[in-house]
Amino acid sequence: MVKRNQSNVVSVPINIPQFRHDLITWFEKEQRELPWRENQDPYRVWVSEIMLQQTKVETVIPYFHRFIQSFPTLEALASADEQEVLKAWEGLGYYSRVRNLQTAVKEVVADYEAKVPQDAEQFGKLKGVGPYTKGAVLSIAYGQPEPAVDGNVMRVLSRILLIEEDIAKVKTRKIFEEAVRQLISHDNPSAFNQGLMELGALICTPRNPSCLLCPVQEHCIAYDKGIEQTLPIKTKKTKQQMKAYHVLVLEVNDNEYLLEQRPNEGLLAQMWQFPMVEITEVSENLLLPYINEKYQTTGHSIEKLQPVRHVFSHITWELNVVKIKCDQLHDIKQHQKTLSLEEISEYPLPVSHQKVYRQLLE
DNA sequence: AAATCGGGGTG
DNA sequence: CACCCAGATTT
């Protein structure tokens, strides 16, 4: 059991040198071959850590290959076109990650001679670099003994050290960071941190952990007590709300469609989409006059396409998709364009609108 | 401290 | 369906 006083001092009741050795030896032998493990290039490590936030390894691998191919160096990413960068991230989600990454990379070029800073304070100030990413990059690329506490590490250490704090609370991470500072190998911080995460991914899984195969089973307090399945403790979050929209597929001139760019901030910022109207604003039978008024056009045939249901982490979209052939559109705004199907493929679309786009290709 | 921000996989 | 994933930022 981990004890701590008011100042977050943690006493770790296990054989630390033995634990380090067991963990690192296992990691060196059993680690997966992953594209970002080919070398220790700080830029590549950084890109991989951003991609891996809330995202599984298998999902990231193809994106990582393509991203590094398109933007092989920090300078290449810094000088790249923003829309092309967003396009490379299309389908990966949490798009602010890549916009922040490009912002940060530009800072590194401007302020640090295009070298990823080794100073924890400097690196941690960069856009999109939080406590986890800071520790991960500095330990993996530069061998610094900094904690890198993610969901895996909290799960693994909650079991090994029997930490029963609620990991849904932001401040709980600090308890785990303090534990890692005591545990971490100064000879090989990279293998130690990655070993904890790899253990969480391969052995110490959320459900049905493979304790019989665990290289640190003998250090695990929860296993000793037979309560590993009850950890970590995490309170559940509120369930999401639903929003219903009409998606307007406006076709003009045969094979020209109206697309619009979403605002610079908020959900799916700067991604492109077919125009959407909240269903509460206009019912389906009034859609044609609504469009004719709004775009100063004459809409003919409304064709109902396959509706789309799309689940985000905190909202669900119910999309009523309608295709409308209409005359020349007027009143096109700055953030809107009419594009052919081929041109649309070059724009970054969220997955929800890719589902609409795919229907047009059929 | 709680909400926001994506998308896919699992049991 | 709920839960989770190599989290960070904003409110």
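Every heavy atom of this structure was used, including side-chain atoms; hydrogens, water molecules and symmetry mates were not. Convention: sequence-line order gives letters A, B, ...; per-chain numbering from 1.
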*Please work out if I315(A) contacts a base, only the sugar-phosphate, or nothing of the nucleic acid, heavy-atom cut-off 4.0 Å.*
nothing

*Using the C1' atoms only, state how far dC4(C) lies from dG6(B), rounded to an integer number of Å.*
14 Å

*Length of the line joining Y63(A):OH and dG8(B):C1', which is rounded to integer Å*: 10 Å

_Classify T59(A) by what it touches in the nucleic acid, base, sugar-phosphate, or nothing, heavy-atom distance under 4.0 Å._
nothing

*asked:* Quick check on the 6.0 Å ring-centre criterion: do W89(A) and Y63(A) meet it?
replied: no

*For each nucleotide in nucleotides 5-11 of chain C, reading 5' to 3', give B when a protein heavy atom comes within less than 4.0 Å of its base, S when such contact involves only the sugar-phosphate, and - otherwise.*
BBBSSS-

*Atom pair distance, as rounded to whole Å: CG in L268(A) and P in dG6(B)*: 5 Å

*Do the side chains of V180(A) and L157(A) get nearer than 4.5 Å, heavy atoms only?*
yes

*asked:* Tell me whether the side-chain N/O atoms of H310(A) come closer than 4.0 Å to OP1 or OP2 in dG7(B).
replied: yes

_Donor-acceptor side-chain pairing of Q53(A) and T133(A) below 3.5 angstrom_ = yes

*With rounding to the nearest 0.5 Å, note down the distance linking CD in Q118(A) to CG in L138(A).*
8.0 Å

*Can you tell me how far P in dA6(C) sits from the matching atom in dT10(B), rounded to whole Å?*
13 Å

*Assign each of K355(A) and G266(A) to its nearest nucleotide of DNA chain B by heavy atoms, then name whichever residue's nucleotide is nearer the 5' end.*
G266(A)

*Can we call the ring centroids of Y357(A) and W272(A) under 6.0 Å apart?*
no

*Please determine if a side-chain N or O atom of H314(A) lies less than 4.0 Å away from the OP1 or OP2 oxygen of dC5(B).*
yes

_Between P of dG9(B) and CD1 of I61(A), the distance in whole Å_ = 13 Å

*Protein-nucleotide distance (R309(A), atom CZ; dG6(B), atom P), rounded to Å*: 18 Å

*R207(A) CZ to dG9(B) C1': how many Å, rounded?*
10 Å

*Take atom P in dA3(B) and the same atom in dC3(C), then report the distance between them in whole Å.*
15 Å

*Length of the CG-C1' vector between N208(A) and dT10(B), whole Å*: 11 Å

*Return the 5'-most residue of the pair M271(A), Q241(A) with respect to DNA chain B, ranking by each residue's nearest nucleotide.*
Q241(A)

_Could you measure the distance from the CG atom of L349(A) to the CZ atom of R262(A)? Nearest 0.5 Å is fine._
11.0 Å

_I want to check something: taking the side chain as every heavy atom from C-beta on, are V322(A) and E303(A) in contact at a cut-off of under 4.5 Å?_
no

